[in-house]
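What follows is one structure encoded as structure tokens, with my remarks underneath.
Each chain gets a letter, A, B and so on, in the order its sequence line appears, and its residues count up from 1.
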There are 2 protein chains.
Amino acid sequence: MTEGMSLRERKKLQTRHRLLAAATELFAERGFDKVSVAEIAEAAEVSKMTVFNYFAGKEDLVLAPMEEHVGDVARTVRDRAPGESALAAVRGQYVAAVERREPSIGMSDLPVVLGVRRLIQETPALLTRAHAFSMRSFDLLAEVLVEEGEEPAIARVAGAQLIGTRNALIHANHLRLLAGESADAIAADAVALAERGFGLLAGGMGDFAVRR
Amino acid sequence: MTEGMSLRERKKLQTRHRLLAAATELFAERGFDKVSVAEIAEAAEVSKMTVFNYFAGKEDLVLAPMEEHVGDVARTVRDRAPGESALAAVRGQYVAAVERREPSIGMSDLPVVLGVRRLIQETPALLTRAHAFSMRSFDLLAEVLVEEGEEPAIARVAGAQLIGTRNALIHANHLRLLAGESADAIAADAVALAERGFGLLAGGMGDFAVRR
DNA sequence: CATGAAAATATATCGAGTCAAGAATTAATC
DNA sequence: GATTAATTCTTGACTCGATATATTTTCATG
């Protein structure tokens, strides 16, 4: 597992994991705001400075795993099959992720993952940072569309619609998970909702929410 | 102008304006991050704590005027005419705002407004806070749709699409303004772009960005 | 081993935001 | 109209996250 790694690199990974573990535990016990970085450093047996050496900010101790997925949508669109629309690619990736119960789209009901989600929802600072990730995700997607030759302005509009739709779908999953439902129970509805949600984009929402 | 106000209320307004004026000037001179709250307090002849009493955070010294518009979209949809779709209402409000050159959608080329916009674009903390406003705007819109009887999950998806589209359009205006174009020059294109952007929603974007 | 580079730490500092207590203003009671 | 009670403003001291600098430790490499 650690072959090919120098001792230094292994130790770096170890301290990184010690920090993540210590932080996760402390946050779960007392909440994000009630734990200071100094305490985390002490629990992981490093100095406070080292924490910031490994993580850009306190929030990243919770959101680091999430950051790896900021490029998922853009990559999916970039690598889509010829003849496939951006919309179809994003929808397809989301549905596939639902089937695979991927935590990145809010489909894991493992207690530890659930705890982290609850922590995020309860902590404004974490929500804000999470939303910044979504913003980066959008930027990357728009960039791909522009590279393909779409007009920048319209590319950003379409990108906002796609990312916004996807985020809303993910948020719906989060709500149900936090309400105690199982991932399997949510999955079926999630796919149906995705068809409806992306369907608004595909079929037009001119008839949606017409005032009676 | 100040009749009906107690001395206390008048002084409150005065210090608020002193704070906004001092902050705006200092930020314009040296940038958001290079000015401390203590300096602003000193310039406004008030203690540091008073600043936070008037404004929730340092960022609000710049973004306070923007906060008044978080409910614009939701209100427009709530008050739309019978027979009109949510999409038509949002599009109509945006186009009308373009015609009126409203700063809230990025259509003012007054130097002072432009300076504030530049400051926001250059400062990550301000961008983040601005995005939080957009989030609130989205929540309010979704709430309206839910009150009208739409399913919460699909209401949030549609709301994300509408708000996302609108934000992307506004951002396009910002970019051109910051590039030096006049509001009048932008307005015509802005309306056309809005028709295309909202058209993606109305007509469906199933044919958009099909890979060749 | 010795040496140079990378990383961890100690220390000091800054700046944003919070807390408990004190000062000022308004309202109420006599 | 003076005195007191209640509310609101203001303040100085403090916590905590984050940064800068310099110093020491740790590891890879010849």
Side-chain angles (χ1 to χ4, degrees), chain A residues 2-20 22-24 26-27 29-64 119-120 123-130 132, chain B residues 2-20 22-23 26-27 29-64 119 123-130 132:
Chain A
T2 56
E3 68 278 15
M5 276 190 191
S6 66
L7 174 60
R8 184 168 271 171
E9 284 169 324
R10 268 180 291 154
K11 288 193 95 168
K12 257 187 99 164
L13 269 187
Q14 280 176 12
T15 42
R16 183 187 169 86
H17 286 140
R18 275 214 316 282
L19 280 170
L20 281 175
T24 303
L26 288 170
F27 289 154
E29 281 175 15
R30 318 208 304 264
F32 186 78
D33 296 318
K34 299 293 181 191
V35 178
S36 74
V37 174
E39 286 176 290
I40 298 167
E42 193 178 0
E45 293 175 315
V46 292
S47 88
K48 192 178 83 164
M49 282 241 16
T50 304
V51 178
F52 291 107
N53 205 334
Y54 278 82
F55 297 92
K58 188 184 174 187
E59 294 88 355
D60 296 278
L61 284 161
V62 178
L63 299 175
L119 191 68
I120 294 173
T123 311
L126 291 174
L127 272 181
T128 296
R129 189 73 144 234
Chain B
T2 57
E3 67 277 12
M5 278 192 189
S6 66
L7 173 62
R8 184 176 270 170
E9 283 168 322
R10 266 179 292 155
K11 288 190 89 169
K12 254 187 101 164
L13 269 187
Q14 281 176 15
T15 41
R16 183 186 170 86
H17 286 140
R18 274 213 317 281
L19 281 169
L20 280 175
L26 288 171
F27 289 153
E29 281 175 15
R30 320 210 302 265
F32 185 78
D33 296 318
K34 299 293 182 192
V35 178
S36 75
V37 174
E39 286 175 292
I40 297 166
E42 194 177 0
E45 291 177 318
V46 153
S47 96
K48 190 180 79 163
M49 188 54 218
T50 302
V51 178
F52 292 107
N53 202 331
Y54 279 81
F55 298 91
K58 187 184 175 186
E59 294 89 355
D60 296 279
L61 284 162
V62 178
L63 299 175
L119 191 68
T123 312
L126 291 174
L127 272 180
T128 297
R129 189 72 144 232

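- Computed from coordinates, the Lys11(A) NZ to dA5(C) P distance equals 21 Å when rounded to whole Å.
- Across the protein-nucleic acid pair, Phe55(B) atom CZ and dA16(C) atom C1' stand 16 Å apart, rounded to whole Å.
- Atom CG in Leu13(A) sits roughly 11 Å away from atom P in dA8(C) (whole-Å rounding).
- You'll find that the side chain of Lys48(A) is closest to dA18(D), out of dT18(C), dA8(C), dA18(D).
- Rounding to the nearest 0.5 Å gives a distance of 11.5 Å between CZ of Phe27(A) and CD1 of Ile120(A).
- Rounded to whole Å, the distance from CD on Gln14(A) to P on dA7(C) is 16 Å.
- As a whole-Å value, the separation of Met49(B) CE from dT18(C) C1' is 7 Å.
- In this structure, Leu119(A) CG and Leu63(A) CG are separated by 9.0 Å, a value rounded to the nearest 0.5 Å.
- At dC9(D), one or more side-chain N or O atoms of Lys12(B) fall inside 4.0 Å of OP1 or OP2 (strictly under the cut-off).
- Pairing each heavy atom of Ala22(B) with each of Ile40(B), the nearest pair is CB-O, 4.3 Å.
- Going from atom NE2 of His17(A) over to atom OG1 of Thr15(A) covers 9.5 Å, rounded to the nearest 0.5 Å.
- Side-chain nitrogen and oxygen atoms of Tyr54(B) include none within less than 4.0 Å of the OP1 or OP2 phosphate oxygen of dC9(D).
- Across the protein-nucleic acid pair, Arg16(B) atom CZ and dC9(D) atom C1' stand 16 Å apart, rounded to whole Å.
- One can place CD of Glu42(B) at 17 Å from C1' of dT10(D), the figure rounded to the nearest angstrom.
- Comparing Ala38(A) and Val46(B) by the nucleotide of DNA chain D that holds the closest heavy atom to each, the one mapping nearer the 5' end is Val46(B).
- In this structure, Leu126(A) CG and Arg129(A) CZ are separated by 9.0 Å, a value rounded to the nearest 0.5 Å.
- Val35(A) comes within 4.0 angstrom of sugar-phosphate atoms only, judged by non-hydrogen atoms across all strands, and of no base.
- Listed candidates were dA8(C), dT18(C), dG17(D). Nearest to the side chain of Phe52(A) is dG17(D).
- Note on Asn53(A): a side-chain N or O is less than 4.0 Å away from OP1 or OP2 of dA8(C).
- For the pair Leu61(A) CG and dC16(D) C1', the computed distance is 15 Å after rounding to whole Å.
- Contact check, Ser36(A) against dT15(D): no side-chain N or O comes under 4.0 Å of OP1 or OP2.
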